[in-house]
*Asks:* 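After the structure tokens below, expect a handful of questions from me.
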Amino acid sequence: MSLAMRLPAIAAGLALFFITATATASAAGPSFDCGKVEPGSIEALICTDDALSALDRKLSQVYAAATDKAIHEQPPVLKAEQRGWIKGRDDCWKSDDKRACVEQAYRLRIAELQARYRLVAASGSATYVCDGQPAKQVTATFFETDPPTAIAEFGDRTSLMFQQPAGSGAKYQGPNEMLWEHQGEAVISWGHDSPEMRCRVKR
């Protein structure tokens with residue numbers, strides 16, 4: 001076969017190679033355009049780290065699924081919360097370990113959205129009667145996210161909690177709430193500086 005006859009095939013092969021390479025590079029990067037980030041920024045760090053890029057892609061997928069669930073949410077808070085989360089993630093430049101800070105921010109946000117919008121199935125639930133008062137009940141639903149989460153309800157208040165290391169039992173911590181269960185008994189605190197409640201699983 002002459003060179004003239006082989007040239008179209010060569011050109012087609014090169015085009016396929018570049019298309020495949022571009023698609024692979026895009027799949028390996030984050031969900032945002034790395035060509036538009038500022039050098040030295042947290043986004044630039046994400047662009048150069050495959051694991052952080054993968055977390056960013058996963059969050060993008062989870063956020064899209066949460067957005068579908070939140071379409072009738074009133075008031076519409078998801079988008080505003082996500083903007084606030086991005087600002088918090090970008091503040092990781094102040095951290096001594098920027099990469100660990102960014103990774104933790106992604107893991108917690110992914111787990112939060114998966115639990116809040118029920119994007120993963122609940123792994124269990126329990127109702128606790130506290131301080132021996134039948135009307136004083138806390139209901140918790142647990143999710144096998146990464147890290148594991150619990151959504152606890154007490155009266156008309158709700159708290160998203162993340163599992164924490166514990167010597168025994170399962171301990172979950174929210175912004176100002178804590179639930180620590182061991183063998184059907186739990187210590188629960190609700191609110192800043194609030195006294196601990198002694199609770200038992202309702203049978």
Side-chain angles (χ1 to χ4, degrees), residues 55 58-59 62-63 65-70 72-89 91-92 94-97 99-203:
L55 283 171
K58 182 173 182 179
L59 176 57
V62 170
Y63 179 73
T67 299
D68 288 341
K69 289 285 191 77
H72 299 301
E73 189 176 57
Q74 294 296 333
V77 298
L78 180 58
K79 185 179 291 187
E81 285 181 348
Q82 189 67 6
R83 286 196 297 266
W85 176 84
I86 291 172
K87 183 178 183 301
R89 177 204 66 185
D91 280 345
C92 281
K94 302 172 184 176
S95 174
D96 292 336
D97 190 339
R99 189 194 180 284
C101 177
V102 173
E103 180 180 19
Q104 181 77 339
Y106 272 106
R107 289 179 65 241
L108 294 182
R109 183 58 172 164
I110 290 168
E112 175 186 2
L113 293 178
Q114 288 176 328
R116 275 180 54 192
Y117 292 95
R118 304 306 197 263
L119 303 177
V120 297
S123 59
S125 63
T127 297
Y128 304 90
V129 176
C130 300
D131 296 338
Q133 302 177 36
K136 201 172 184 179
Q137 296 187 5
V138 176
T139 300
T141 305
F142 303 94
F143 300 89
E144 287 298 329
T145 51
D146 179 23
T149 47
I151 293 180
E153 300 176 53
F154 183 37
D156 60 354
R157 294 168 290 173
T158 301
S159 176
L160 174 76
M161 304 181 181
F162 296 97
Q163 190 170 20
Q164 307 295 319
S168 62
K171 182 179 182 181
Y172 293 84
Q173 183 70 51
N176 293 299
E177 301 79 33
M178 183 271 293
L179 186 159
W180 193 345
E181 181 189 347
H182 181 61
Q183 296 182 347
E185 297 187 358
V187 175
I188 300 175
S189 60
W190 200 283
H192 183 64
D193 287 336
S194 64
E196 292 182 344
M197 298 183 290
R198 302 290 169 171
C199 311
R200 289 181 176 270
V201 172
K202 183 179 180 180
R203 303 298 181 184

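Positions are given from 1, in the same order as the sequence printed here.
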*Asks:* Measure the spacing between CZ of R200 and SG of C130 and express it to the nearest 0.5 Å.
*Replies:* 11.5 Å

*Asks:* Does some side-chain heavy atom of C92 sit less than 4.5 Å from a side-chain heavy atom of K94?
*Replies:* no

*Asks:* With a sphere of 6.0 Å drawn around CZ of R157, does it hold more than 12 non-hydrogen atoms of other residues, nucleotides or ligands?
*Replies:*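 More than 12 heavy atoms, drawn from other residues, nucleotides or ligands, come within 6.0 Å of this atom.
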
*Asks:* Does the side chain of Y117 come under 3.5 Å of the side chain of E73 through a donor N or O and an acceptor N or O?
*Replies:* yes

*Asks:* L119 versus V62: any side-chain heavy-atom pair under 4.5 Å?
*Replies:*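 A side-chain contact under 4.5 Å exists here.
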
*Asks:* Report yes if some heavy atom in the side chain of R198 is under 4.5 Å from a heavy atom in the side chain of E196; otherwise report no.
*Replies:*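 Result yes, sub-4.5 Å side-chain heavy-atom pair found.
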
*Asks:* If every non-hydrogen atom of A166 is compared with every non-hydrogen atom of K171, which pair is closest and at what distance?
*Replies:* CB-CB, 3.9 Å

*Asks:* So among E181, Q137, K136, which one has a side chain to side chain donor-acceptor pair (under 3.5 Å) with Y128?
*Replies:*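 Exactly one candidate clears the test, E181.
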
*Asks:* Could you check whether any side-chain N or O of S194 sits under 3.5 Å from a backbone N or O of W190, counting only pairs where one atom can act as donor and the other as acceptor?
*Replies:* yes

*Asks:* Which pair of heavy atoms, one from W85 and one from R109, lies closest together, and at what distance?
*Replies:*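 Shortest heavy-atom separation between W85 and R109 comes out as NE1-CB, 3.3 Å.
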
*Asks:* Between I86 and R83, is there a side-chain heavy-atom distance shorter than 4.5 Å?
*Replies:*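 SC-SC contact between R83 and I86 ruled out.
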
*Asks:* Any chance you could lay out the side-chain contact (heavy atoms from CB on, under 4.5 Å) test for Q82 and L59, step after step, and finish with the verdict?
*Replies:* CA-CA 11 Å; Q82 189 67 6; L59 176 57; 3.8 Å; yes

*Asks:* How close do I151 and A115 get, heavy atom to heavy atom, and via which atoms?
*Replies:*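 Scanning both residues completely, I find the closest heavy atoms to be CD1-O, 3.6 Å.
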
*Asks:* Q173 versus M161: any side-chain heavy-atom pair under 4.5 Å?
*Replies:*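 With C-beta onward as the side chain, the pair stays apart.
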
*Asks:* Tell me which one of V187, V129, V138 satisfies side-chain contact (heavy atoms from CB on, under 4.5 Å) with M197.
*Replies:* V138

*Asks:* One pair to check against side-chain contact (heavy atoms from CB on, under 4.5 Å): E177 and F154. What are the steps and the verdict?
*Replies:* CA-CA 10 Å; E177 301 79 33; F154 183 37; over 6 Å; no

*Asks:* Checking E103 against R107 for the side-chain contact (heavy atoms from CB on, under 4.5 Å) test, could you report, in this order, the C-alpha distance in whole Å, the side-chain angles of both residues, the deciding distance, and whether it holds?
*Replies:* CA-CA 6 Å; E103 180 180 19; R107 289 179 65 241; 4.1 Å; yes

*Asks:* Distance check, rounded to the nearest 0.5 Å: T158 atom OG1 versus E153 atom CD?
*Replies:*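 One finds 4.5 Å between OG1 of T158 and CD of E153.
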
*Asks:* Can you tell me if S123 uses its side chain to pair, donor with acceptor, with the backbone of F142 under 3.5 Å?
*Replies:* yes

*Asks:* Less than 4.5 Å apart, side chain to side chain, heavy atoms only: is that true for W180 and S189?
*Replies:*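 No - every pair of side-chain heavy atoms lies 4.5 Å or more apart.
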
*Asks:* With the threshold set at 4.0 Å, does a side-chain nitrogen-carboxylate oxygen contact exist between E81 and K79?
*Replies:* no

*Asks:* I'd like to check Y172 versus M178 (side-chain heavy atoms, cut-off strictly below 4.5 Å). Are they in contact?
*Replies:*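 Of all side-chain heavy-atom pairs linking M178 with Y172, none is under 4.5 Å.
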
*Asks:* Under the side-chain contact (heavy atoms from CB on, under 4.5 Å) test, which residues partner L108, sequence neighbours left out?
*Replies:*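 Checked L108 against side-chain contact (heavy atoms from CB on, under 4.5 Å); matches are Q104, P147, F162.
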
*Asks:* To the nearest 0.5 Å, how far apart are CD in E112 and OG1 in T149?
*Replies:*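 Reported to 0.5 Å precision, the distance equals 9.5 Å.
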
*Asks:* Go through it in stages, so that I can follow the logic: the residues are I110 and D146, the test is side-chain contact (heavy atoms from CB on, under 4.5 Å), and I'd like the CA-CA distance, side-chain angles, deciding distance and then a yes or no.
*Replies:* CA-CA 8 Å; I110 290 168; D146 179 23; over 6 Å; no

